[in-house]
Amino acid sequence: MVSTFDHDPSAAQRELWKNEQIALSARISWHDDHLDFDSETLEGLKYVAGVDLSFPENDFEHALACLSILSWPNLEVVHTSYLKTELHLPYIAGFLAFREVDPLLKLLNQLKQEHPEYYPQIILVDGNGRLHPRTCGIACHLGVLANIPTIGVAKNFLVIKEQDSGEELTMSHVKQECRTELLKRGDYHLLQTKQTIYGAALRSTNEAPNPIYVSQGHRVSLATAIKMVLACCHYRIPEPIRRADLDSRAYIRQLQQHHQ
DNA sequence: GCGACAG
DNA sequence: ATCTTGTCGC
C-alpha cells in the first residue's frame, strides 16, 4: 500500500496549488478593514478566535485541530472545540494551507451550526497571511474560504523571494534588523520590498526579544492587524493562539492516557 | 548540486 | 509540528 503521505507532490501539483493561491490572493482587499467592530477603539468586539493544530508524538499524519473562542477584552476562553483529523499531505513550506485548512473550516462551520452565539468576529491563525511567496498564506486561505476577518501570526520567518524583481527578504537580514530596532513591546519592523508590504516583525512583550511575524489574512489592514495582535499578547504568542495550542496539546495527552 | 523555507 | 530538563527572576 503506497501512501501519498510518503512522497512530495509532483511539480505539476505544485503549479496547480500556486495558481489557486494567486487566484485567492486576488480576492483580498489589502487596504481596508471590513470588520463589524471599530478598528480604532475595538469597540463592538466581543469574541476573538485562535486556531491551531497539534500532533501526537512522532505522528504527523494525525492531528487535533482546535478552535478557541476568547472574550474581548478579558481574553478568557468561553468556548473550545476540537476535531480529530487525518492529514493526507506532508508539510511543504509555502503550501501549509493545503495540509491544514480543511479541519479548521469544518470547526468554523460546526460552531456556526451549534453555537452561533460564539461565532468569532476575527480569527488569529497560527501561520502566515500575506507574508508568503504568493501573498496567500493559510490565514488568507482560511479567511477567504470562510469569509471572515483573519490575521496570520507566525513564530518563525518565512523567506520571501520575488520572482520578477529578484528582491528577497532573507532570514539573517530580518533577524539583524529586529535585534537592533525592536527594543520594547509594540516596536515593529515592516517586512517589505519595493513593490509589496508583506507584514511586520513585532516585539510582542518586553521579555521576549524574538519577534512574532504578523501579516494580513483577510478583511483587515496591516495597521489593524498589528494593533489587534499586540492587544492580545500577554506573552509572546497572542492569547487566542496560545490557548488553542496549550488546550489541544493537553487534550491529546489526555486521549493518549485514556487509551492505555 | 546545494541550501533552505510558516507548520 | 513533538518532547525534557534546567535556570533565572519576581
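A sub-4.0 Å separation between OP1 or OP2 of C:dT2 and a side-chain N or O of A:R253 is absent. Contact check, A:N156 against B:dG7: a side-chain N or O comes under 4.0 Å of OP1 or OP2. Contact annotation: A:R249 reaches the phosphate of C:dC3 (side-chain N/O to OP1 or OP2, under 4.0 Å). Remark: A:K155 is in phosphate contact with B:dG7, judged by side-chain N or O atoms under 4.0 Å from OP1 or OP2. At C:dT2, one or more side-chain N or O atoms of A:S54 fall inside 4.0 Å of OP1 or OP2 (strictly under the cut-off). At least one side-chain nitrogen or oxygen of A:Y91 sits closer than 4.0 Å to the OP1 or OP2 atom of B:dA6.
Between A:Y198 and A:H132, the ring center distance fails the sub-6.0 Å criterion. You'll find the ring centres of A:Y119 and A:Y47 outside the 6.0 Å limit.
A salt bridge links A:K155 with A:D126: the distance from a Lys NZ or Arg NE/NH1/NH2 to an Asp or Glu carboxylate oxygen falls below 4.0 Å. Salt bridge status for A:R249 with A:D245: present, with a side-chain N to carboxylate O gap under 4.0 Å.
For the pair A:H141 NE2 and B:dG7 C1', the interatomic distance rounds to 15 Å; values are reported in whole Å. Whole-Å rounding puts the A:F55 CZ to C:dT2 C1' distance at 10 Å. Rounded to whole angstrom, the span from the CD1 atom of A:I241 across to the P atom of B:dG7 amounts to 10 Å. Between A:K175 atom NZ and B:dC5 atom C1' there is a gap of 12 Å when expressed in whole angstrom units. Nucleotide B:dA6 holds its C1' atom 17 Å from the CD1 atom of A:I151, rounded to whole Å. The CD1 atom of A:I92 sits 12 Å away from the P atom of B:dA6 (whole-angstrom rounding). As a whole-Å value, the separation of A:K161 NZ from B:dA6 P is 13 Å. Following rounding to the nearest Å, A:E168 (CD) and B:dA4 (P) show an atom-to-atom distance of 12 Å.
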Which nucleotides of DNA chain B pair, in dot-bracket form (Watson-Crick or G-U under 3.5 Å, | meaning another strand): .......

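Here the closest heavy-atom approach between residue A:Y213 and residue A:N128 is recorded as O-OD1, 4.3 Å. Summarising the geometry of A:M228 relative to A:L42, their closest heavy-atom pair is SD-CD2, 4.2 Å, with the distance given to 0.1 Å.
As judged by a 4.0 angstrom heavy-atom cut-off over every strand, A:Y213 is placed among residues making no nucleic acid contact. Nucleic acid contact for A:I138: base, since at least one base atom lies under 4.0 Å from a heavy atom of the residue. Within the nucleic acid shown, A:F95 comes within 4.0 Å of at least one base atom, counting heavy atoms only. A:D126 comes within contact range of the sugar-phosphate backbone alone, with a heavy-atom separation under 4.0 Å but no base atom that close.
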Pair A:W72-A:C232, side chain to side chain contact (heavy atoms under 4.5 Å, CB included): steps then yes or no: CA-CA 9 Å; A:W72 179 266; A:C232 287; 4.1 Å; yes

A:T135/A:Q216 under side chain to side chain contact (heavy atoms under 4.5 Å, CB included): CA gap, chis, key distance, verdict: CA-CA 9 Å; A:T135 61; A:Q216 298 162 263; over 6 Å; no

